[in-house]
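Proteins come first, then strands; the chains are lettered A, B, ... in the order of their sequence lines, and each starts at number 1.
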Protein chains: 2
Amino acid sequence: MEKTDLIQLKHLEAKQKMKFGVSVDGVIFGFDENELKVLLIRCDMEPYVGQWSLVGEMVNLDETLEQAANRILFNQTGLKNVFLQQVKTFGILDRHPYGRVVSVAYNSLLKIEDFKLNSNSNENEAHWHDITTLENLAFDHMEILNTCLNKLRKQVREEPIGFELLPEKFTLSQLQNLYERILGVELDKRNFRKKILKMKLIVDLQEYQTNVAHRPAKLFSFDKERYEQLRKSGLIFDL
Amino acid sequence: MEKTDLIQLKHLEAKQKMKFGVSVDGVIFGFDENELKVLLIRCDMEPYVGQWSLVGEMVNLDETLEQAANRILFNQTGLKNVFLQQVKTFGILDRHPYGRVVSVAYNSLLKIEDFKLNSNSNENEAHWHDITTLENLAFDHMEILNTCLNKLRKQVREEPIGFELLPEKFTLSQLQNLYERILGVELDKRNFRKKILKMKLIVDLQEYQTNVAHRPAKLFSFDKERYEQLRKSGLIFDL
DNA sequence: ACAAAAGTGTTCGCTCTACACCCATGG
DNA sequence: CCATGGGTGTAGAGCGAACACTTTTGT
């Protein structure tokens with residue numbers, strides 16, 4: 001057999017392997033009632049019927065992974081233009097009843113206030129779950145979730161993505177609480193404020209809370225333009 | 001139609017989508033002649049015939065992604081138990097002549113001395129390329145390589161993976177050179193040594209270089225046990 | 001003796017950490 | 001007037017950056 005024939009044969013064999021399914025699983029994080037939460041749905045697939053699972057679907061043959069992730073997110077939440085980031089692809093054998101399916105996990109961060117506005121229309125079974133009390137998820141979703149949570153914890157120390165989880169206007173205490181919950185540590189109030197304000201990534205709105213039974217807190221917002229500037233010139237950020 | 005029928009239908013439709021190919025592309029890094037290098041092969045697939053490409057193959061239906069990555073690495077280098085880490089999955093449309101193929105990119109770091117010992121048997125066209133002078137790779141491999149290189153640069157600042165690229169016994173100057181090449185910066189010799197030695201991750205072997213036309217340097221080796229200890233107790237590492 | 005790389009300490013500024021009290025509001 | 005969370009500064013320790021000369025070997 002000639003060398004070119006061998007190559008043709010190799011390519012023919014390779015095409016026999018195109019029988020994979022590819023799914024996208026979205027790990028959708030929100031922050032509410034002072035807790036970090038993840039959005040889960042009820043699984044309708046044997047042998048996991050009734051168990052909680054991440055929000056996932058098969059990727060269509062004519063859409064990119066990013067498009068699939070955005071589609072899934074929109075179907076569940078009614079939201080577009082939400083923070084979305086690929087984390088890792090899971091490809092062990094027998095992880096899915098359909099056959100050989102590899103799953104690409106995406107982290108998504110959204111402001112729960114937006115979710116509430118957009119999710120009243122759908123009657124699906126999606127619910128927010130406190131991340132500290134999860135067990136017995138469908139498929140290998142427990143592993144996926146742990147991996148994605150670790151990624152979030154690492155990333156939140158290095159980039160100002162925490163803002164994606166807060167309302168447009170927030171107080172420094174809310175921000176500190178968010179970090180404490182994600183990282184699972186207590187932070188010193190004065191040091192935290194100094195560090196955050198020195199970065200100049202948040203803007204003092206000169207507004208205050210109202211109707212609170214204590215001294216009203218100042219409201220701030222995230223300065224995305226300044227963030228992009230810093231990023232181009234080599235951002236350094238540490239918790 | 002009943003609800004359970006709808007669910008069955010949904011699952012049938014989903015199975016129609018299982019026509020993906022999944023490939024693994026290995027970005028195999030080595031360090032030699034004081035340069036960071038990547039292993040490339042000649043592509044034999046239209047329309048990229050003759051162009052340089054990453055080392056990639058289709059994943060078999062009965063192997064995991066990790067197994068595929070290890071298989072590819074072994075076929076090209078004859079090496080097992082090499083540092084291997086998933087980086088990202090690339091899934092745009094029309095990136096591959098076979099049809100819809102998503103590719104999972106893996107970073108691999110190896111000691112080039114080991115490679116030389118194991119690769120004499122194969123007659124393939126793999127060659128090491130200086131990472132600073134690459135262009136016109138096949139497929140979307142230029143993008144994959146850039147993503148993987150950025151990951152390496154980031155990771156090398158946070159974890160002691162640089163040792164994977166050096167011989168068992170190395171000098172502090174070699175180590176410093178490695179960091180300088182990967183990061184593309186110059187480092188202060190005294191400060192670098194202080195920082196590295198303070199971490200206690202390397203062991204003074206009480207041996208010296210021989211046959212060098214200058215004062216012989218001390219040889220060190222990486223202390224993997226101590227690294228695992230530190231990791232468990234929350235390793236902090238910075239360049 | 002000379003070329004070439006190895007090896008070694010100190011100073012200064014900055015950053016991180018620990019820590020305690022007064023303030024503004026609603027009830 | 002009391003309960004609740006908001007808001008503020010300083011001192012000490014540790015860390016990172018800058019910097020120049022002596023040592024050892026081969027030729």
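Mapping A:Leu197 and B:Thr210 onto DNA chain D by nearest heavy atom places A:Leu197 closer to the 5' end of the strand. Projected onto DNA chain C by closest heavy-atom contact, A:Lys198 and A:Asp188 fall at different nucleotides, the more 5' of which corresponds to A:Lys198. Closest-nucleotide positions on DNA chain C for B:Ala217 and A:Asn191 were compared, and the one nearer the 5' end corresponds to B:Ala217. Place B:His214 and A:Gln174 on DNA chain D by their nearest nucleotides, and A:Gln174 ends up nearer the 5' end.
Within the 4.0 Å cut-off from OP1 or OP2 of C:dC19, not a single side-chain nitrogen or oxygen of A:Arg190 is found. Regarding contacts with the backbone of C:dA6, a side-chain N or O of B:Ser173 is found under 4.0 angstrom from either OP1 or OP2.
Within the nucleic acid shown, A:Lys189 comes within 4.0 Å of at least one base atom, counting heavy atoms only.
The separation between A:Gln176 atom CD and D:dG7 atom P is 11 Å, rounded to whole Å. The distance from atom OH of A:Tyr208 to atom P of C:dT25 is 9 Å, rounded to the nearest whole Å. Summarising the geometry, the separation between NZ on B:Lys218 and P on C:dT8 is reported as 7 Å, rounded to the nearest angstrom. Going from atom CG of B:Leu187 over to atom P of D:dA18 covers 11 Å, rounded to whole Å. Following rounding to the nearest Å, A:Phe192 (CZ) and D:dG9 (C1') show an atom-to-atom distance of 18 Å. If you take CD1 of B:Ile196 and C1' of D:dG16, they are 14 Å apart, rounded to a whole angstrom. Between B:Asn177 atom CG and C:dA6 atom P the separation is 8 Å, expressed in whole Å. B:Asn211 places its CG atom 14 Å from the C1' atom of D:dT24, with the value rounded to the nearest Å.
Residues B:Asn107 and B:Leu149 form no side-chain contact, since every pair of their non-hydrogen atoms from C-beta on lies 4.5 Å or further apart. Between A:Gln155 and A:Gln85, the closest side-chain pair of non-hydrogen atoms falls below 4.5 Å.
A donor-acceptor contact under 3.5 angstrom links the side chains of B:Glu180 and B:Gln176, judged on distance only.
Ring-plane geometry between A:Phe222 and A:Phe163 is classed as parallel, the angle between the planes falling under 30 degrees on a 0 to 90 degree scale with a further cut at 60.
Checking side-chain atoms of B:Gln86 against main-chain N and O of A:Thr89 turns up a donor-acceptor pair under 3.5 Å.
Candidate nucleotides C:dA18, C:dG7, D:dT24 were compared by shortest atom distance to the side chain of B:Pro216, and D:dT24 ranks first. For A:Ala213, the side-chain atoms get nearest to C:dG26 when compared with the rest of C:dT17, C:dG26, D:dG16.
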